[in-house]
A.B. asks: 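One structure, pasted below without further comment.
Computed from a predicted structure; not experimentally measured. Counting convention: from 1, in listed order, for ligands and their atoms alike.
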Amino acid sequence: MNSVVIVGTQWGDEGKGKITDFLAKEADAVVRFQGGNNAGHTIVFDNKKYALHLIPSGIFRKDKVNVLANGMVINPKALLEELEMLKNGGITDFNLAISDRAHVVLPYHIQLDGLFEDLKDDNKKVGTTNKGIGPTYNDKSSRIGIRVCDFIDLNVFEEKLKDNLKYYNKLFELFGKPLIEPSNVFDEYKEYSKQIKSYVKDTGLLLNSMLDDGKKVLFEGAQGALLCLDHGTYPFVTSSSPTAASVPLNTGISPKYINEIIGVTKAYSTRVGSGHFVTEFENEISKKIRDVGKEYGTTTGRPRRIGWIDTVVLRHTRRISGITGLSVMLLDVLTGVETLKICVAYRLDGNIIDYLPANIKDFERCEPIYIELEGWTEDITQTSKFSDLPLNSQKYLSKISELSNIELAIFSVGPDREQTVVLKDIFK
Ligand code: IMP
Ligand code: MG
């Protein structure tokens, strides 16, 4: 197969960046297809750690084309800061392509993000990353968005910026927020526009011709399926669709090219931001998991909420994203936990259910039904084969694969590139 999609099966932060970086060695192109710098992908190799927010995780491997596709929302200032961070780390030899159809995040989107959140009662706040993602997608569907092709045409950019601020400054005035002067934004951002211009192209054409030529393309999802605007735990979701179904739309390739879809899950669950989390728990074990797994947001630094693995969620994700292989991450973090729980179904008002209710009020009343498995104590961080894992660890992985009905493709026993065990030939 010459196209592989990597998607998160939970609420993001499953370790997609690590798997993308790992599989990128076989790919010719790595493509981010949705979201923006709300994402945070941590990649560790050669004792160095990099946090990426916008740039695809293939950037560390020379000769790969790294694409920011049309479904993304791109903050040009953040993008240039990220490129600077890479250059400072000695990563200078790369190939980047930015879609001319992607939308641009501007300072008023960030101010709007905060404004909308502040207006909500505490229990209704989404807990966004405050990066202006939602408001930029709003502008896209309201047909007032500024696309990259507009942004690099300074006359068009200036005109659209003035038009939009005429409208948004009225709103800011009404809510007592600082007004944003179009000329200030233009003066600063026209410099960014000049700096990114050489990377801009029709990435739909580029990707289709690469696939037509039999080149290998890796699509890197950000966030997770449960944060999908359509199939996630609405309204506590992001503003795009982090599923494999959104890849053709968000990149301009034909759906016929999508065949291998790797769903990435943690060996447990985490969530940052608000919204019900059926398997969440807080005790000594969750504290240990947060500590050992370094479960703090890459983008916001917030402590992540911890829960047991939820196979209702995995089956939901398998359905909506067509997952063909499961990648279980951070297995080593569970070493030393005496009893492991796996959620197999939910109880809702006395009934047992096997799906995520659409109505958030119903979802909030769902309680987990668990099975329990015995844990292991042996260090597994050097494991390179499934059969080398302690028996209880093998049983745990097999049970997750069986209950989610997804073949185990990869498991990971530590943050480094080397600590990855692959059981399936992914780029066949
Ligand atoms: P937004 O994407 O900033 O609008 O935030 C919407 C929700 O998605 C919030 O609950 C965020 O915490 C969550 N979110 C957005 N991006 C990520 C991510 O990359 N990892 C985990 N959660 C995320
Ligand atoms: Mg992340």
A.B. asks: According to the interplanar angle, ranging from 0 to 90°, do the rings of Tyr50 and Phe60 count as parallel (below 30°), tilted (30 to 60°) or perpendicular (above 60°)?
C.D. replies: tilted
A.B. asks: Quick test: of every protein heavy atom, which one is nearest to atom 19 (O) of ligand 1, and how far off is it to 0.1 Å?
C.D. replies: Ala39 CA, 3.3 Å
A.B. asks: Suppose we measure from atom 5 (O) of ligand 1 to each protein heavy atom; which comes out shortest, and what is that distance?
C.D. replies: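 Sorting protein heavy atoms by distance from atom 5 (O) of ligand 1 puts Thr128 CA, 3.3 Å first.
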A.B. asks: Would you say the side-chain atoms of His316 pair up with the backbone N or O of His231, donor to acceptor, closer than 3.5 Å?
C.D. replies: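 Yes.
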A.B. asks: Near Gly273, which atoms of ligand 1 are under 4.0 Å from a heavy atom of that residue?
C.D. replies: 10 (O), 12 (O)
A.B. asks: Measuring from the Mg ion (ligand 2), name the closest N, O or S atom belonging to Asp13.
C.D. replies: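 In Asp13, the N, O or S atom with the shortest distance to the Mg ion (ligand 2) is OD1.
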A.B. asks: Is there at least one pair of N or O atoms, one from Arg302 and one from ligand 1, spaced under 3.5 Å apart?
C.D. replies: yes
A.B. asks: For Phe236 and ligand 1, answer yes if some heavy atom of the residue is under 4.0 Å from a ligand atom, otherwise no.
C.D. replies: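 Checking ligand 1 against Phe236, which is what was asked, there is no heavy-atom contact under 4.0 Å.
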A.B. asks: Within ligand 1, which atoms have a heavy atom of Val126 less than 4.0 Å away?
C.D. replies: 6 (C), 7 (C), 9 (C), 10 (O)
A.B. asks: Name the one of Phe363, Trp11, Phe236 that satisfies ring pair (Phe, Tyr, Trp, His ring centres under 6.0 Å) with His276?
C.D. replies: Phe363
A.B. asks: Thr238 versus ligand 1: do any nitrogen or oxygen atoms come within less than 3.5 Å of each other?
C.D. replies: yes
A.B. asks: Please check this pair: side chain of Glu117 against backbone of Thr128, looking for a donor-acceptor N/O pair closer than 3.5 Å.
C.D. replies: yes
A.B. asks: Which residue owns the protein heavy atom closest to atom 15 (C) of ligand 1, what's the atom, and how far is it?
C.D. replies: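 So the nearest neighbour among protein heavy atoms is Gln223 CG, 3.8 Å.
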A.B. asks: Does the Lys NZ or Arg CZ of Lys25 fall within the cation-pi geometry relative to Phe22 - under 6.0 Å from the ring centre and within 45° of the axis?
C.D. replies: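 So Lys25 does make the cation-pi contact.
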A.B. asks: Considering non-hydrogen atoms of the protein only, which is the closest contact for atom 6 (C) of ligand 1, and what is the distance?
C.D. replies: Val237 O, 3.4 Å
A.B. asks: Do any heavy atoms of Ala222 fall under 4.0 Å from ligand 1?
C.D. replies: no
A.B. asks: Pairs of nitrogen or oxygen atoms closer than 3.5 Å, one from Asn38 and one from ligand 1: do any exist?
C.D. replies: yes
A.B. asks: Can you report which non-hydrogen protein atom sits closest to atom 3 (O) of ligand 1, along with the distance?
C.D. replies: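 Going by distance alone, atom 3 (O) of ligand 1 is nearest to Thr129 OG1, 2.6 Å.
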A.B. asks: Run through Ile371, Val344, Leu340, Thr311 and flag the one making a side-chain contact (heavy atoms from CB on, under 4.5 Å) with Lys399.
C.D. replies: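 Going through Ile371, Val344, Leu340, Thr311 one by one, the side-chain contact (heavy atoms from CB on, under 4.5 Å) with Lys399 is satisfied by Ile371 alone.
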A.B. asks: Go through ligand 1 atom by atom and flag the ones less than 4.0 Å from a non-hydrogen atom of Gly127.
C.D. replies: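 Those qualifying, in numeric order: 9 (C), 10 (O), 11 (C), 12 (O).
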A.B. asks: Within less than 4.0 angstrom of ligand 1, does Thr299 place any heavy atom?
C.D. replies: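 The answer is no, since Thr299 has no heavy atom less than 4.0 Å from ligand 1.
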A.B. asks: State whether Asp354 and Arg315 are salt-bridged, where the test is any N-O pair (Lys NZ or Arg NE/NH1/NH2 against Asp/Glu carboxylate O) under 4.0 Å.
C.D. replies: yes
A.B. asks: Is ligand 1 under 4.0 Å from a heavy atom in the side chain of Val272, in the backbone, in both, or in neither?
C.D. replies: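 It is both backbone and side chain that touch ligand 1.
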A.B. asks: Would you say the side chain of Leu106 lies within less than 4.5 Å of the side chain of Phe157, judging by non-hydrogen atoms?
C.D. replies: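 Phe157 vs Leu106: side chains touch.
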A.B. asks: At under 4.0 Å between heavy atoms, is it the side chain or the backbone of Thr300 that contacts ligand 1, or both, or neither?
C.D. replies: neither
A.B. asks: With heavy-atom distances below 4.5 Å as the criterion, would you say the side chains of Glu81 and His53 are in contact?
C.D. replies: no
A.B. asks: Can you tell if the side chain of Asp310 reaches within under 4.5 Å of the side chain of Val278, non-hydrogen atoms only?
C.D. replies: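 In contact.
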A.B. asks: Between the side chains of Lys201 and Asp100, is the shortest nitrogen-to-carboxylate-oxygen separation below 4.0 Å, so that they form an ion pair?
C.D. replies: no
A.B. asks: Looking at Leu227, which atoms of ligand 1 are within less than 4.0 Å of one of its heavy atoms?
C.D. replies: 8 (O), 13 (C), 14 (N), 22 (N), 23 (C)
A.B. asks: Quick one: does NZ or CZ of Arg305 land under 6.0 Å from the six-membered ring centre of Phe277, within 45 degrees of the ring axis?
C.D. replies: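 So Arg305 doesn't make the cation-pi contact.
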A.B. asks: Could you tell me whether a side-chain N or O of Gln10 sits under 3.5 Å from a main-chain N or O of Arg271, the two making a donor and an acceptor?
C.D. replies: no
A.B. asks: List every atom of ligand 1 that sits less than 4.0 Å from any heavy atom of Trp11, numbering the atoms from 1 in the order shown and giving each element.
C.D. replies: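 Near Trp11, meaning under 4.0 Å from one of its heavy atoms, ligand 1 has 21 (C), 22 (N).
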A.B. asks: Which atoms of ligand 1 have any heavy atom of Asp13 under 4.0 Å away?
C.D. replies: 20 (N), 21 (C)
A.B. asks: So does Ala222 have any N/O/S atom less than 2.8 Å away from the Mg ion (ligand 2)?
C.D. replies: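 No, Ala222 does not qualify, because none of its backbone or side-chain N, O or S atoms lies under 2.8 Å.
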